[in-house]
Protein chains: 2
Amino acid sequence: MARTSEEKILEAAQRIFTRFGYEGARMQQIADEAEVNKSMLHYYFRSKKKLFEEVYRDAVVKLMPQLLNLLNADLPLEEKIPKLVRRYITLMRDHPRLPGFIIQELHQNREEWLNFMDNLDFGKPKKFLEQVRRNQEQGKIVKIEPRQLLINILSLCVFPFAAQPMIKYMLKMDDAEFENFLDVRVESLSTFILNAITP
Amino acid sequence: MARTSEEKILEAAQRIFTRFGYEGARMQQIADEAEVNKSMLHYYFRSKKKLFEEVYRDAVVKLMPQLLNLLNADLPLEEKIPKLVRRYITLMRDHPRLPGFIIQELHQNREEWLNFMDNLDFGKPKKFLEQVRRNQEQGKIVKIEPRQLLINILSLCVFPFAAQPMIKYMLKMDDAEFENFLDVRVESLSTFILNAITP
DNA sequence: GATAAAATTAACCATATGGTTGAATCAATT
DNA sequence: AATTGATTCAACCATATGGTTAATTTTATC
């Protein structure tokens with residue numbers, strides 16, 4: 001404990017920005033959430049934009065490498081896919097607001113976002129795509145464009161979190177039921193995907 | 001042509017709100033986009049919030065019924081699923097900003113959003129869920145929780161649009177390549193899903 | 001063509017918001 | 001205890017923004 005003011009601000013900013021977005025967040029709101037004087041935000045982070053960028057970078061750094069490492073790991077597909085599903089869903093469960101947050105905020109200033117990402121520079125899913133192509137040539141899996149498979153896996157894992165409130169509404173789930181839905185989903189998705197690509 | 005000011009404003013508001021979100025959008029910006037004096041926005045729609053609600057309602061009404069009707073149609077699953085995929089992807093292609101917009105803005109005031117949706121009241125995917133259950137009992141498809149299958153289909157169709165810039169970035173696609181990716185996707189997804197649920 | 005109603009505009013207004021400043025307080029070092 | 005630098009705070013500031021008003025122009029009606 002005994003978090004410094006700087007830490008308190010960052011954590012508060014994380015909560016507020018991920019919830020309300022850049023435009024929707026108020027500096028005063030962040031200060032209140034951090035239990036700190038508003039001037040402190042500028043003292044430590046200079047401006048709203050700088051503070052936001054810090055938060056956004058942290059979010060991206062928290063997610064992207066996790067997504068990519070395992071994707072390029074040295075594991076046979078039939079092992080890798082269940083592991084991917086389990087890890088992605090676990091990751092999203094821990095940070096359910098991040099996917100929506102990351103996607104939402106990049107929708108504007110696309111230019112700016114591009115060099116921002118290039119600076120961070122995580123790898124690309126190249127190895128995974130090649131692995132799929134190889135498995136396909138060997139007839140181990142069904143014919144499918146590797147990028148399509150990649151996007152399928154990502155979609156299936158991430159979308160339910162981005163669309164969480166909509167899903168809860170459409171299927172009339174409360175929080176507990178949704179959690180249960182996710183428990184089931186880990187197993188369900190693995191077999192779903194493996195089934196889909198098994199000849 | 002000869003669109004009325006009211007129409008011009010609504011269309012402009014649609015473009016601006018879906019792009020920048022409620023908080024990010026500026027009334028002046030909408031007025032400029034509509035080539036209309038800012039006071040006109042208040043003259044016709046009273047307030048930013050009212051104008052936004054109109055735009056949001058239009059967006060939801062444009063998407064939801066389309067999603068639900070076909071889902072509950074009287075068609076065997078093996079026909080219905082390719083049709084669903086084709087229609088959903090076509091729909092998203094025509095309105096690529098809508099899914100992100102709808103999801104983004106409901107993330108806040110969840111309470112308000114709930115009665116809002118209840119007022120509009122589209123159906124629920126009940127018939128589809130039952131159809132899946134029946135097919136399952138008859139051994140026509142693999143064992144799967146019907147709601148999971150529903151979310152899978154939605155995720156696979158919708159997510160690529162919500163995450164479009166991210167995908168383009170990760171897979172180094174330009175606009176043309178992404179369009180091509182979507183062309184391929186219609187076929188690819190249908191067989192992917194059918195494969196996944198065929199015993 | 002006079003009259004009334006609707007539509008349009010420019011000039012304002014009140015307030016919220018990001019940001020600044022300068023004084024006060026605290027903590028470490030000597 | 002004095003000095004110094006970092007930290008915290010209340011009071012301000014400039015500006016952007018949603019919204020209002022009142023006058024003007026356009027359109028429709030008789």
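Numbered from 1 within each chain, the chains take letters A, B, ... in sequence-line order.
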- To the nearest Å, give me how far apart OH (Tyr43(B)) and C1' (dA10(C)) are. 17 Å

- Value in whole Å for how far the P atom of dA7(C) lies from CG of Leu41(B): 15 Å

- Task: Let me have a per-nucleotide readout for nucleotides 19-25 of chain C, 5' to 3', with B, S or -, counting only protein heavy atoms under 4.0 Å.
- Result: BBB----

Nearest 0.5 Å, please: how far is [atom2] in [Y] from [atom1] in [X]?
X: Ile153(B); Y: Ile81(B); atom1: CD1; atom2: CD1; value: 4.5 Å
X: Gln131(A); Y: Lys127(A); atom1: CD; atom2: NZ; value: 8.5 Å
X: Thr198(A); Y: Ile193(A); atom1: OG1; atom2: CD1; value: 11.0 Å

- Message: Which label fits Tyr22(A) and Phe17(A): parallel for a plane angle under 30°, tilted from 30 to 60°, or perpendicular past 60°?
- Response: parallel

- Task: Measure from NZ or CZ of Lys126(B) to the centre of the six-membered ring of Phe128(B) and say whether it is under 6.0 Å with the direction within 45° of the ring axis.
- Result: no

- Task: Please tell me which of Ala25(B) and Glu35(A) maps to the more 5' nucleotide of DNA chain D, matching each residue to the nucleotide holding its nearest heavy atom.
- Result: Glu35(A)

- Item | Residue from Gln28(A), Arg15(A), Lys8(A) passing side-chain contact (heavy atoms from CB on, under 4.5 Å) with Glu33(A) | Arg15(A)

- Message: So Tyr44(A), base contact, sugar-phosphate only, or nothing? Heavy-atom distance under 4.0 Å.
- Response: sugar-phosphate

- Message: Could you report the tightest heavy-atom contact between Phe122(A) and Val60(A), atom names first, then the distance?
- Response: CZ-CG1, 3.3 Å

- Item | Span of DNA chain D in contact with chain B (heavy atoms, under 4.0 Å) | dT17(D) to dT21(D)

- Task: Report the residues that fulfil side-chain contact (heavy atoms from CB on, under 4.5 Å) with Arg26(B), sequence neighbours left out, ordered by chain and then residue number.
- Result: Glu23(A), Gln29(B), Lys48(B)

